[in-house]
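This report refers to the structure that appears directly beneath it.
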Amino acid sequence: MDSILVKGNGALNGVIPIAGAKNACLALMPATLLSEEPLTLTNAPRLSDIATMTQLLQSLGAEVAGLQEGKVLALSSLGPINHVADYEIVRKMRASNLVLGPLLAREGHAVVSLPGGCAIGARPMDLHIHGLEALGAEIELKDGYLHAKAKGGKLRGAQMTLRMASVGATENIMMAATLAKGTTVINNAAREPEIVDLAQCLRKMGAQIDGEGSSRIEIQGVDRLGGATHQVVTDRIELGTYMLAPAICGGEVELLGGRMHLVAAFAEKLDQAGVSVTETEAGLKVSRKGGRIRAVDVTTEPFPGFPTDLQAQMMALLCTAEGTSVLEEKIFENRFMHAPELLRMGAQIEVHGGTATVKGVEKLRGARVMATDLRASVSLILAGLAAEGETVVSRVYHLDRGYERVEEKFRGIGAHIERIKA
Ligand code: EPZ
């Protein structure tokens, strides 16, 4: 397993291109199952999670080709479609569950393995199941697989209210509803930019969808969908992650493709902490306002609130802030695994349930640390960039799931970072 060596190297300056959003692309790719026409996705990120989704779709009978070194994905599902999503692939990536809605809508039946838990939580699928059952699906769990079929062979539109604004459940239900008979209304729908991106792509394919980005999405089912070409939206989590590099080390960095509306709540917190974020023609320019970072309190919420996927990275910044910060993680039940690793670097953090209290210290010290999940891994790199001495982050396969060319991008702004091949 590879590791990454990071050495504090002072202020960081330069430009970083931000890639297409992993979490948008992982929802856009299964949409190919809804149509026999070709779907082309541009600005696709080159990540191991995308390779996993490619493998899954190919196992279902779809054709997926990565063009221009994987920045363009050409997908088509002419059929016949295999409707079993195997545990061996699904267990590697929870987002595999996003083939359930499209398979049900296209084939009238699907057998999809439950993804199993992951480091950050149990991550059940009850909201996906209840939503699809409201559309007329009969779903039962057998041997770890969800066996789903549409009563009468076709899904029917329905009104529903999600108990929680689940991103994945909203995506699965929205895709299934595009081919259901009649009207579907999803209340308390997730509002993330990735949902908006998926709805815009489905509309290009001929779907009739209104309200995406609000908590009420209405879908009129149609008989069939066509093909489309769609550009994947910028990755707001990669964007927020790299915004923290100049915040934690000093200097000024411009993030190409960044737009303020994608990270408004996060940028607001950075502003309170003493970091200036300005929107330029090409992206977002980030630099410290001067002086030490100030402590701020953070509570993670569904979009447009502070994103849970930036909580670990923000904690790394607050470890060296002046004062004490309180971080509340409201989305996942176990998303502070980066805290014990940051303690090894001299941070002062106390975790009680879903609350972490961080007392800022002047300087962190480099150490050997271990990545536990995708976002925790990059928070350790950020901490290492600002620490005295060397930090070695092990198990960086987590990192490669969600950050393309991470060493290259950090090196591009002057960071001392290298990959140590196992
Ligand atoms: C998506 O996961 C993202 N993944 C996650 O990003 C992100 O953290 C999460 O949304 C929240 O924003 C992708 O888009 C591929 P949820 P998802 O359904 O859809 C509970 C990353 O680092 N829940 O909104 O799985 C669930 O357990 C990843 O890129 C149920 O209880 O998230 C969690 O506590 C990590 N029942 C909360 O809701 C359900 O049926 C939010 O989950 C579904 C979810």
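Source: prediction; values computed, not measured. In this chain, numbering begins with 1 at the start of the sequence shown. Ligands are counted one by one from 1 in listed order, and the atoms in each one are counted from 1 as well.
The protein atom (non-hydrogen) at minimum distance from atom 2 (O) of ligand 1 is Arg123 NH2, 3.3 Å. For atom 28 (C) of ligand 1, the nearest non-hydrogen atom of the protein is Asp309 OD2, 3.8 Å. Here the protein heavy atom with the shortest distance to atom 26 (C) of ligand 1 is Phe332 CE2, 4.3 Å. Closest to atom 41 (C) of ligand 1, if we only count protein heavy atoms, is Ile331 CG2, 3.7 Å. Summary of contacts: the protein heavy atom closest to atom 18 (O) of ligand 1 is Ser166 OG, 2.7 Å. Among all non-hydrogen protein atoms, the one lying nearest atom 36 (N) of ligand 1 is Asp126 OD1, 2.7 Å.
The side-chain heavy atoms of Val393 and Val396, taken from C-beta on, include a pair separated by under 4.5 Å. Counting heavy atoms from C-beta outward, Tyr242 and Val253 have side chains that stay 4.5 Å or more apart.
Heavy atoms from other residues, nucleotides or ligands lying under 6.0 Å from CZ of Arg368 number 12 at most. The neighbour count for Glu69 CD, taken as heavy atoms of other residues, nucleotides or ligands under 6.0 Å away, does not exceed 12.
Contacts between Val167 and ligand 1, counted as non-hydrogen atom pairs separated by less than 4.0 Å, involve both the backbone and the side chain. Under 4.0 Å from ligand 1, the heavy atoms of Arg375 that appear belong solely to its side chain. The parts of Leu127 lying near ligand 1 are both backbone and side chain, judged by heavy-atom distances below 4.0 Å. Residue-level proximity to ligand 1 for Met164 is carried by the side chain, the only part with a heavy atom below 4.0 angstrom.
Under the 3.5 Å distance criterion, with hydrogens and angles disregarded, a donor-acceptor pair is assigned to the side chains of Thr300 and Glu329. Neither side chain, Glu218 nor Thr183, offers a donor N or O lying under 3.5 Å from an acceptor on the other. Between Thr280 and Glu254, the side chains place a donor N or O and an acceptor N or O closer than 3.5 Å (distance only, hydrogens not considered).
Inclusion of Thr308 in the set of residues having an N or O under 3.5 Å from an N or O of ligand 1 is not warranted. For a threshold of 3.5 Å applied to N or O pairs, the pair formed by Glu192 and ligand 1 contains no separation below that value. Looking at Glu333 next to ligand 1, no N or O pair under 3.5 Å apart turns up.
Within ligand 1, counting atoms from 1 as listed, the ones closer than 4.0 Å to a heavy atom of Arg163 are 31 (O). Against a heavy-atom cut-off of under 4.0 Å, Asn23 is close to the following atoms of ligand 1: 3 (C), 4 (N), 6 (O), 13 (C), 14 (O), 15 (C), 21 (C), 29 (O). The contact set between ligand 1 and Arg335, taken as ligand atoms under 4.0 Å from a residue heavy atom, comprises 8 (O), 22 (O), 35 (C). Contact atoms of ligand 1 toward Ala95: 15 (C) (distance under 4.0 Å to a heavy atom of the residue). Numbered from 1 in the order shown, with element, the atoms of ligand 1 that lie under 4.0 Å from a heavy atom of Arg94 read 25 (O), 43 (C). In summary, the atoms of ligand 1 found under 4.0 Å from a heavy atom of Gly168, numbered by their order in the structure, are 18 (O), 19 (O). Taking every non-hydrogen atom of Lys22 and a distance limit under 4.0 Å, the qualifying atoms of ligand 1 come out as 21 (C), 29 (O).
Ion pair Asp309/Arg335 flagged as a salt bridge, since at least one NZ, NE, NH1 or NH2 atom sits closer than 4.0 Å to an Asp/Glu carboxylate oxygen. Of the charged side-chain nitrogens involved, at least one lies within less than 4.0 Å of a carboxylate oxygen, so that Arg236 and Glu194 count as a salt-bridged pair.
Here the CG atom belonging to Leu34 is positioned 6.5 Å from the CG atom belonging to Leu202, to the nearest 0.5 angstrom. If you take CG on Leu41 and SG on Cys25, they are separated by 5.5 Å, rounding to the nearest 0.5 Å.
Put simply, the side chain of Ser35 gets close to the backbone of Gly226: a donor and an acceptor are under 3.5 Å apart.
Ligand 1 has Pro124 within reach: a non-hydrogen atom of the residue lies less than 4.0 Å from it.
Of the residues Ile89, Leu75, Ile81, the one that meets the side chain to side chain contact (heavy atoms under 4.5 Å, CB included) test with Leu57 is Leu75.
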